[in-house]
Amino acid sequence: MTPRILIVEDEAQILRLLCAAVERGGYRVATATTGREAIHLARHTTPEAALIDLGLPDRDGIELVKQFADLGIAVIVVSARDTVTEKIAALDLGAADYVVKPFDTDELLARLRAALRARMPQTGKGGIVHLGSTTLDLDARRVLRGSEDVHFAPKEYGVLELLARHAGRVITHAQVLREVWGPAHETDVEYLRVAVRALRQKLEPNPSRPTLIRNEPGIGYRLVVPETSSGSDTTN
């Protein structure tokens with residue numbers, strides 16, 4: 001069945017733009033202009049994903065993020081708030097992504113597709129993830145480029161495995177450091193940067209122009225499967 005996307009936005013012009021973009025992407029659309037209405041629709045229409053503005057008239061949209069994520073809804077925040085603190089707060093509460101207004105609608109749709117993929121199991125039969133010519137076997141803890149093994153230090157592999165299990169989603173620095181290095185190292189971002197540099201050297205066709213492991217400045221990283229799309233329009 002075609003996924004249903006709940007759009008939570010109180011500005012009429014932006015709401016129309018989002019509706020048009022989401023419908024162009026082939027999805028069903030439901031809309032809400034208040035937090036109260038959004039919660040009702042989330043509980044009774046079971047959307048697969050939600051685009052949530054933070055500046056709602058009856059409450060801060062950030063209050064919806066955890067509620068929706070706990071319901072299994074893939075949440076993308078679409079907001080004019082652009083501080084790193086706001087982004088990290090939303091992602092740590094369970095948002096799959098954060099898009100700042102004004103936005104490119106084709107990019108928004110790509111991020112929506114990634115968020116919907118992240119709701120599904122990220123591995124195929126036997127825990128296999130394909131990254132172009134590279135194959136990651138999570139069960140065997142083995143990475144192959146063609147028929148050749150690619151070797152990683154334990155922390156490098158830990159970062160890659162975490163990103164692979166949440167492909168398409170932004171994973172914050174603190175989340176990765178907590179999972180791979182332990183809670184005592186949540187602020188040791190340089191450890192993570194060193195590991196990501198090593199991963200790019202071993203995995204990326206051109207490490208200086210990474211296409212697999214993307215940086216979200218000041219926030220974290222995501223493992224990306226590049227997509228192509230045609231056409232583009234942006235908000236004003």
Side-chain angles (χ1 to χ4, degrees), residues 3-11 14-15 18 22 27-101 103 108-122 162-183 185-187 189 192 214 216-223:
R4 183 192 303 274
I5 313 301
L6 173 59
I7 302 173
V8 187
E9 171 63 65
D10 66 320
E11 292 187 32
I14 301 298
L15 181 60
L18 288 169
V22 171
Y27 303 106
R28 295 179 295 159
V29 174
T31 64
T33 58
T34 67
R36 182 177 180 178
E37 184 182 8
I39 291 169
H40 175 80
L41 288 172
R43 290 174 176 168
H44 294 89
T45 66
T46 60
E48 281 73 20
L51 307 180
I52 299 178
D53 179 35
L54 297 184
L56 299 175
D58 60 338
R59 69 192 69 194
D60 193 321
I62 200 73
E63 297 177 22
L64 303 182
V65 173
K66 188 175 188 305
Q67 293 182 58
F68 281 29
D70 287 346
L71 291 171
I73 300 168
V75 175
I76 298 179
V77 173
V78 183
S79 175
R81 301 180 191 173
D82 61 356
T83 68
V84 170
T85 301
E86 293 274 9
K87 294 176 183 178
I88 290 175
L91 293 166
D92 281 344
L93 285 171
D97 211 336
Y98 195 112
V99 176
V100 176
K101 300 174 182 177
F103 52 85
L108 178 65
L109 287 174
R111 290 176 182 255
L112 176 58
R113 290 191 293 271
L116 288 169
R117 284 197 302 269
R119 294 180 72 247
M120 307 299 292
Q122 292 302 313
L162 181 62
L163 293 175
R165 291 191 184 279
H166 301 278
R169 291 194 60 170
V170 179
I171 309 297
T172 65
H173 297 142
Q175 287 175 296
V176 182
L177 288 162
R178 184 168 57 246
E179 292 288 334
V180 179
W181 277 267
H185 295 282
E186 282 191 9
T187 60
V189 178
L192 177 55
R214 297 282 184 87
E216 296 287 335
I219 300 171
Y221 297 94
R222 77 169 81 220
L223 188 69

To the nearest 0.5 Å, how far apart are [atom1] in [X] and [atom2] in [Y]?
| X | Y | atom1 | atom2 | result |
| --- | --- | --- | --- | --- |
| His40 | Thr45 | NE2 | OG1 | 8.0 Å |
| Leu6 | Thr31 | CG | OG1 | 8.0 Å |
| Leu51 | Glu9 | CG | CD | 9.5 Å |
| Gln175 | Leu177 | CD | CG | 10.5 Å |
| Asp10 | Asp53 | CG | CG | 6.0 Å |
| Ile7 | Thr33 | CD1 | OG1 | 12.5 Å |

Sort out for me which residue in Val78, Leu64, Val77, Val8 forms a side chain to side chain contact (heavy atoms under 4.5 Å, CB included) with Leu54.
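Output: one option passes, namely Val77.
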Which atom names give the shortest non-hydrogen contact between [X] and [Y], and what distance separates them?
| X | Y | value |
| --- | --- | --- |
| Ile52 | Gly61 | CG2-O, 4.0 Å |
| Gly168 | Ala114 | O-CB, 3.8 Å |
| Ala49 | Leu112 | CB-CD1, 3.8 Å |
| Trp181 | Leu192 | CH2-CA, 4.0 Å |
| Leu41 | Ala32 | CD1-CB, 4.0 Å |
| Ala115 | Ala74 | O-CB, 3.7 Å |

Taking the side chain as every heavy atom from C-beta outward, state whether Leu56 and Glu63 have any pair of such atoms under 4.5 Å apart.
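Side-chain contact under 4.5 Å: no.
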Is there any ring-ring contact (aromatic ring centres under 6.0 Å, His included) pair reaching into residues 45-98, and which pairs are they, with sequence neighbours excluded?
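Checked against ring-ring contact (aromatic ring centres under 6.0 Å, His included) - neighbours excluded - no pair reaches residues 45-98.
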Sequence neighbours excluded, which residues qualify as salt bridge (charged side-chain N to carboxylate O under 4.0 Å, His left out) partners of Asp82?
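With sequence neighbours excluded, Asp82 shows a salt bridge (charged side-chain N to carboxylate O under 4.0 Å, His left out) to no residue whatsoever.
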Set of salt bridge (charged side-chain N to carboxylate O under 4.0 Å, His left out) partners for Arg36, sequence neighbours left out:
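Counting only residues at least two positions away or on another chain, Arg36 forms no salt bridge (charged side-chain N to carboxylate O under 4.0 Å, His left out).
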Can you establish whether the number of heavy atoms outside Arg43 located under 6.0 Å from its atom CZ is more than 12?
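Incorrect, the count does not exceed 12.
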Is a side-chain N or O of [X] found less than 3.5 angstrom from the main chain of [Y], in a donor-acceptor match?
| X | Y | result |
| --- | --- | --- |
| Glu216 | Tyr221 | no |
| Glu86 | Thr83 | no |
| Arg169 | Ala95 | yes |
| Asp97 | Ile76 | no |

Quick one, Glu179 with Arg165, criterion salt bridge (charged side-chain N to carboxylate O under 4.0 Å, His left out). Give me CA distance, side-chain angles, the key distance, then yes/no.
CA-CA 12 Å; Glu179 292 288 334; Arg165 291 191 184 279; over 6 Å; no
Glu37 vs Asp58, test: side-chain contact (heavy atoms from CB on, under 4.5 Å). Steps then yes/no.
CA-CA 10 Å; Glu37 184 182 8; Asp58 60 338; over 6 Å; no
Salt-bridge contact Arg81-Asp60 (side-chain N to carboxylate O under 4.0 Å):
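Yes.
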